Amino acid sequence: MTSENDSLPGDFVRDIIDGDLSSGRFDNRVHTRFPPEPNGYLHIGHAKAVCLNFGIARDYGGLCNLRFDDTNPSKEEEEYVNAIVEDVRWLGFDWQDRLFFASDYFDRMCEYAVRLIETGNAYVDDLSAGEIREYRGTLTEPGRESPFRNRPVDENLDLFSRMKNGEFHDGARVLRAKIDMSHPNLNMRDPVIYRILHASHHRTGDKWCIYPMYDWAHGLEDSIEGVTHSICTLEFENHRPLYDWFLDALDIYHPRQIEFARLNLSYTVMSKRLLLELVRSGSVSGWDDPRMPTISGMRRRGCSPQSIRTFCNRIGVAKVNSTVSLEFLEHCVREDLNLSSPRFMGVLDPVRLIIDNYPEGESDELDAVNNPEDPSAGSRKVTFSRELFIERDDFMEDPPGKFYRLAPGREVRLRYAYFVTCTGVVKDGSGRITEIHCSYDPATRGGDAPDGRKVKSTLHWVSAPHAIDAEVRLYDKLFSVEDPLAGNPSDLASLVNPDSLKILSSCRLEPACASLGPLDRIQLERIGYFCVDPDSSPSRPVLNRTVGLRDSWAKLRSGQ
RNA sequence: UGCCCUGUCGUCUAAUGGUAGGACGCCUGACUCUGGAUCAGGUAGUCUACGUUCGAAUCGUAGCAGGGCAGCCA
């Protein structure tokens with residue numbers, strides 16, 4: 001299990017656990033679970049729950065199960081199971097041999113249902129779905145009892161067993177708990193326990209034609225597994241009385257349900273349904289599009305598992321609905337990538353720079369540090385020559401006062417190489433600069449002047465004859481508005497940030513980048529953090545921008 | 001006009017009846033072969049009212065505001 005060195009304040013969930021530990025409620029055990037439904041991909045909101053559940057188990061020396069809540073075969077697929085397993089493992093968590101499925105407990109759940117019927121706590125109802133809704137009442141009016149509510153136990157037993165045996169069509173009957181049709185909490189108005197669904201299940205095949213409802217199933221799963229603290233999101237708060245009622249009615253082991261606020265992130269959405277909508281509408285390329293807040297999207301974007309864990313551990317756990325700023329996620333990503341990413345030089349928008357006093361046809365091997373934050377990362381050679389590419393942005397013919405980079409007559413340093421001074425530019429017919437001419441000072445080889453003179457800036461560069469071509473995909477926030485759901489927009493797609501993806505197809509990278517493999521994370525000096533996309537090939541690397549470096553020049557410029 | 005939950009810097013979150021603190025963001029400055037990183041400083045908050053108390057963000061009452069709930073979804 002991953003250990004985290006962040007020392008963090010506790011949270012209300014841990015406070016509750018501390019209380020249970022001191023009162024001896026669960027025999028000094030702490031046992032949690034992460035219970036995804038396999039009907040979609042995991043997103044950063046799920047990561048919060050994963051980190052909470054596995055993190056608590058780690059901190060208290062307890063256990064955390066990975067359990068699939070697969071009680072609805074019409075929405076669930078094995079593809080999702082596999083993706084979820086991969087994502088949780090990638091995040092750095094381990095459930096040992098405790099990978100469970102709700103469907104493993106279907107037989108026991110049925111036995112429990114029979115017990116509920118026998119004790120007069122459940123009945124088979126012949127009402128249709130629409131009738132049940134009508135009988136339920138409203139938020140302000142009590143419901144009415146079903147005419148089938150007082151069937152004798154034997155009849156209920158018989159009908160339930162025939163439901164199970166497939167004698168009835170979908171929707172013909174349901175098994176309901178007998179609680180209180182006038183309860184102020186609608187969940188307690190005789191909730192449905194089993195429905196008939198002649199559907200093939202991804203694990204049990206056609207063995208079942210009745211499937212348990214969440215409220216019934218979830219507490220049983222927790223109870224069967226000996227879970228102590230069943231941590232879920234706020235929308236289940238109103239379900240807790242029912243969770244407790246079932247376990248009490250059955251008189252079986254009774255975990256404690258605790259609800260916390262789900263994560264919201266600015267400039268994105270966090271619902272499987274809406275994310276699926278973006279996929280279906282083609283607004284993004286798939287669940288793993290690097291703009292998506294999914295774990296697979298973030299992985300492809302280049303966020304490290306460590307940075308996601310750090311983020312989840314720092315945002316805290318509370319009961320207030322809140323929206324964490326995207327900037328905070330980016331901060332956590334930069335913080336980790338700064339320490340762990342090897343540096344390379346690459347030019348996104350190249351302009352040719354010619355060093356007139358450098359001998360034609362010659363080249364030079366210079367030492368470059370791989371990671372200034374990590375001496376053990378060592379160094380590499382970069383090849384210098386007479387013709388280079390630098391970033392078009394790094395030159396201005398008529399620079400404003402705060403522009404420190406290259407300009408006519410000005411001397412700057414080329415990273416790890418030489419000081420160069422701009423002597424002139426060449427333009428094409430439209431006035432666009434096609435070449436920048438410089439002279440270099442051979443005495444500054446390596447990047448320092450023996451006479452101690454300083455320059456205001458250092459530029460990254462690549463050698464024109466040695467550089468490799470690359471495609472770079474610049475990703476930005478998914479939506480152009482901070483809260484895409486504000487005002488219930490009818491089409492989310494129209495709010496997608498038009499600049500969320502810019503593809504640059506003629507970038508140049510230093511040759512060392514050729515050895516990079518899919519999902520490798522690097523820093524391109526002075527630009528940002530990048531991740532090698534799976535679309536990449538050795539002959540044509542494709543880099544995804546994870547997040548830019550903080551850029552005080554860009555900020556200065558945009559502020560004017 | 002039912003029931004449940006929640007209100008602390010712009011944002012996220014601590015303080016568990018005893019000095020309202022941290023982080024992100026933002027603003028200054030220092031340093032720097034990444035205008036990166038790092039370091040130092042600054043900015044800014046207890047929803048309102050009444051009550052309990054020597055003392056209230058914390059406890060109580062009322063109000064206001066936000067969120068959730070009427071699937072045979074989870």
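First the proteins, then the strands, lettered A, B, ... as listed; each starts at 1. Bear in mind the structure is a predicted one, so any value in this text is a computation, not a measurement.
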*Asks:* Looking at A:Arg521 and A:Asp336, does any basic side-chain N land under 4.0 Å from a carboxylate oxygen?
*Replies:*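 No, A:Arg521 and A:Asp336 are not salt-bridged.
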*Asks:* Whole angstroms only, please: what is the CZ-P distance between A:Phe68 and B:rC73?
*Replies:*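 Rounded to whole Å, this separation is 21 Å.
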*Asks:* So which nucleotide from B:rG25, B:rA14, B:rG7 ends up closest to the side chain of A:Glu327?
*Replies:*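 From the listed options, B:rG25 comes nearest.
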*Asks:* Measuring from the side chain of A:Ser325 (C-beta onward, heavy atoms only), which nucleotide among B:rC24, B:rG35, B:rC69 has the closest atom?
*Replies:*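 The answer is B:rC24, which lies nearest to the side chain.
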*Asks:* Quiz question: going by heavy-atom distance under 3.5 Å, is there a donor-acceptor pair between the base of B:rU34 and the side chain of A:Gln523?
*Replies:*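 Yes, a donor-acceptor pair under 3.5 Å.
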*Asks:* Please tell me if A:Lys555 has a side-chain N or O lying less than 4.0 Å from either OP1 or OP2 of B:rC26.
*Replies:*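 For A:Lys555, the contact criterion (side-chain N or O under 4.0 Å from OP1 or OP2 of B:rC26) is met.
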*Asks:* With the threshold set at 4.0 Å, does a side-chain nitrogen-carboxylate oxygen contact exist between A:Arg33 and A:Glu221?
*Replies:*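 The answer is no: the pair does not qualify as a salt bridge.
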*Asks:* Nearest whole angstrom, please: distance from the C1' of B:rU13 to the NZ of A:Lys319.
*Replies:*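 So the two atoms are 17 Å apart, to the nearest Å.
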*Asks:* Looking at A:Tyr243 versus A:His239, is the centre-to-centre ring distance below 6.0 Å?
*Replies:*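 Here the rings of A:His239 and A:Tyr243 have centres that are no less than 6.0 Å from each other.
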*Asks:* With a distance cut-off below 6.0 Å to the six-membered ring centre and an angular limit of 45° from the axis, does A:Arg445 pair with A:Phe384 as a cation-pi contact?
*Replies:*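 No, A:Arg445 does not sit over the ring of A:Phe384.
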*Asks:* Under 4.0 Å: is that the gap between some side-chain N or O of A:Thr71 and OP1 or OP2 of B:rC73?
*Replies:*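 So the side chain of A:Thr71 is outside the cut-off, no N or O lying under 4.0 Å from OP1 or OP2 of B:rC73.
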*Asks:* Does B:rG36 count as syn, meaning its glycosidic angle lies within 90° of 0, or as anti?
*Replies:*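 Anti conformation for B:rG36.
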*Asks:* Compare side-chain N and O positions of A:His331 against OP1 and OP2 of B:rC24 and report whether any pair is under 4.0 Å apart.
*Replies:*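 Indeed, a polar side-chain atom of A:His331 lies that close.
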*Asks:* Which residues in residues 122-140 of chain A have at least one heavy atom lying under 4.0 Å from any atom of RNA chain B?
*Replies:*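 Contacts with RNA chain B under 4.0 Å: A:Leu127, A:Ser128, A:Ala129, A:Ile132, A:Arg133, A:Arg136, A:Thr138, A:Leu139, A:Thr140.
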*Asks:* For B:rA20 and B:rU58, measure between their P atoms and round to the nearest Å.
*Replies:*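 Nearest-Å result for B:rA20 against B:rU58 at atom P: 14 Å.
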*Asks:* A:Glu237 side chain: which of B:rC4, B:rU34, B:rC72 is closest?
*Replies:*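 Nearest to the side-chain atoms of A:Glu237, counting from C-beta on, is B:rC4.
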*Asks:* Between A:Glu525 and A:Arg415, is there a salt bridge with N-O shorter than 4.0 Å?
*Replies:*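 Result for this pair is yes, salt bridge flagged.
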*Asks:* Give none if B:rU32 has no partner; otherwise give the nucleotide forming a Watson-Crick or G-U wobble pair with it, both distances under 3.5 Å.
*Replies:*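 Its partner is none (no Watson-Crick or G-U wobble pair with both distances under 3.5 Å).
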*Asks:* Can we call the ring centroids of A:Tyr41 and A:Tyr80 under 6.0 Å apart?
*Replies:*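 Aromatic pair counts; centres sit under 6.0 Å.
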*Asks:* With a 4.0 Å cut-off on N to O distance, would you call A:Lys381 and A:Glu365 a salt bridge?
*Replies:*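 Salt bridge between A:Lys381 and A:Glu365, a charged N being under 4.0 Å from a carboxylate O: no.
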*Asks:* Could you check which of B:rC12, B:rG36, B:rC73 has an atom nearest any side-chain atom of A:Glu373?
*Replies:*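 Closest of the options to the side chain of A:Glu373: B:rG36.
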*Asks:* Let's test this: given Watson-Crick or G-U wobble pairing with both distances under 3.5 Å, identify the partner of B:rU46.
*Replies:*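 Because no pair has both required distances under 3.5 Å, B:rU46 counts as unpaired.
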*Asks:* Ignoring hydrogens and geometry beyond distance, is the side chain of A:Arg343 in donor-acceptor contact with the base of B:rU34 at under 3.5 Å?
*Replies:*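 Donor-acceptor pair under 3.5 Å: yes.
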*Asks:* Checking base pairs now: Watson-Crick or wobble, both atom distances under 3.5 Å. What partners B:rU1?
*Replies:*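 Partner of B:rU1: none found under 3.5 Å.
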*Asks:* Using whole Å, what does the distance between atom P of nucleotide B:rA74 and atom CE of A:Met270 come to?
*Replies:*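 Between P of B:rA74 and CE of A:Met270: 23 Å.
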*Asks:* With the side chain of A:Glu235 defined as its heavy atoms from C-beta on, choose the nearest nucleotide among B:rA74, B:rG7, B:rG36.
*Replies:*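 Side chain of A:Glu235 sits closest to B:rA74.
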*Asks:* Between A:Arg550 and B:rC26, is there a contact of a side-chain N or O with OP1 or OP2 at under 4.0 Å?
*Replies:*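 It does, given that an N or O in the side chain of A:Arg550 lies less than 4.0 Å from OP1 or OP2 of B:rC26.
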*Asks:* Taking OP1 and OP2 of B:rA37, is either one under 4.0 Å from a side-chain nitrogen or oxygen of A:Arg334?
*Replies:*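 For B:rA37, neither OP1 nor OP2 has a side-chain N or O of A:Arg334 closer than 4.0 Å.
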*Asks:* If the C1' atom of B:rA62 is compared with that of B:rG22, how far apart are they to the nearest Å?
*Replies:*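 Approximately 34 Å lies between the C1' atom of B:rA62 and that of B:rG22.
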*Asks:* Taking only the side-chain heavy atoms of A:Arg526 (C-beta and beyond), determine which of B:rG35, B:rA74, B:rC12 contains the nearest atom.
*Replies:*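 The closest nucleotide is B:rG35.
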*Asks:* OP1, OP2 of B:rG67 versus side-chain N and O of A:Arg262: anything below 4.0 Å?
*Replies:*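 False: A:Arg262 side-chain N/O out of range (4.0 Å or more) of B:rG67 OP1/OP2.
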*Asks:* Can you see if the side chain of A:Thr458 gets near the phosphate of B:rU32 - specifically, an N or O under 4.0 Å from OP1 or OP2?
*Replies:*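 No, outside the criterion.
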*Asks:* Hey, is A:Phe328 doing a stacking thing with B:rA23, by the 5.5 Å centroid and 30° angle criteria?
*Replies:*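 Given the distance and angle limits, no, they do not stack.
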*Asks:* Of A:Val324 and A:Phe403, whose nearest nucleotide on RNA chain B comes first from the 5' end?
*Replies:*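 The 5'-side residue here is A:Val324.
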*Asks:* For side chain to side chain contact (heavy atoms under 4.5 Å, CB included), just list the numbers for A:Arg176 and A:Ile132, CA-CA rounded to whole Å, side-chain angles, deciding distance to a tenth of an Å, and then say yes or no.
*Replies:* CA-CA 10 Å; A:Arg176 301 177 72 177; A:Ile132 286 181; 4.0 Å; yes
*Asks:* I want to confirm an ordering. Mapping A:Asp170 and A:Arg413 to their closest nucleotides on RNA chain B, which one lands closer to the 5' end?
*Replies:*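 Result: A:Arg413.
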*Asks:* Tell me which nucleotide among B:rG68, B:rC12, B:rC73 gets nearest to the side chain of A:Ile315.
*Replies:*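 Of B:rG68, B:rC12, B:rC73, B:rC12 is nearest to the side chain of A:Ile315.
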*Asks:* What's the closest nucleotide to the side chain of A:Asp15 if the choices are B:rG36, B:rC72, B:rU16?
*Replies:*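 Within the option list, the nearest is B:rU16.
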*Asks:* Could you tell me the Watson-Crick or G-U partner of B:rU8, where both distances fall under 3.5 Å? Say none if there is no partner.
*Replies:*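 Across all strands, not a single nucleotide pairs with B:rU8.
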*Asks:* Mind calculating the distance between NZ (A:Lys456) and C1' (B:rU34) to the nearest angstrom?
*Replies:*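 For the pair A:Lys456 NZ and B:rU34 C1', the rounded distance is 16 Å.
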*Asks:* Taking the minimum atom-to-atom distance to the side chain of A:Met213, which one of B:rU13, B:rC24, B:rA74 wins?
*Replies:*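 From the listed options, B:rA74 comes nearest.
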*Asks:* Tell me whether the count of non-hydrogen atoms from other residues, nucleotides or ligands lying under 6.0 Å of NZ in A:Lys164 goes above 12.
*Replies:*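 Not buried by this count: 12 neighbours or fewer within 6.0 Å.
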*Asks:* Which nucleotide sits closest to the side chain of A:Leu186: B:rC72, B:rG35, B:rC69?
*Replies:*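 Per side-chain heavy atoms of A:Leu186, the pick is B:rC69.
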*Asks:* Any donor-acceptor pair under 3.5 Å joining the side chain of A:Glu482 to the base of B:rG10?
*Replies:*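 Side chain to base: no pair present.
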*Asks:* Hunt down the Watson-Crick or G-U wobble partner of B:rA37, both distances under 3.5 Å, from any strand shown, or write none.
*Replies:*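 Its partner is none (no Watson-Crick or G-U wobble pair with both distances under 3.5 Å).
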*Asks:* Taking A:Asp393 first and then A:Arg526, would you say they form a salt bridge - that is, a charged N and a carboxylate O separated by under 4.0 Å?
*Replies:*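 A salt bridge is absent here (no side-chain N lies under 4.0 Å from a carboxylate O).
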*Asks:* Who is the Watson-Crick or G-U wobble partner of B:rG18, with both distances under 3.5 Å?
*Replies:*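 When the pairing criteria are applied, B:rC54 turns out to be the nucleotide that pairs with B:rG18.
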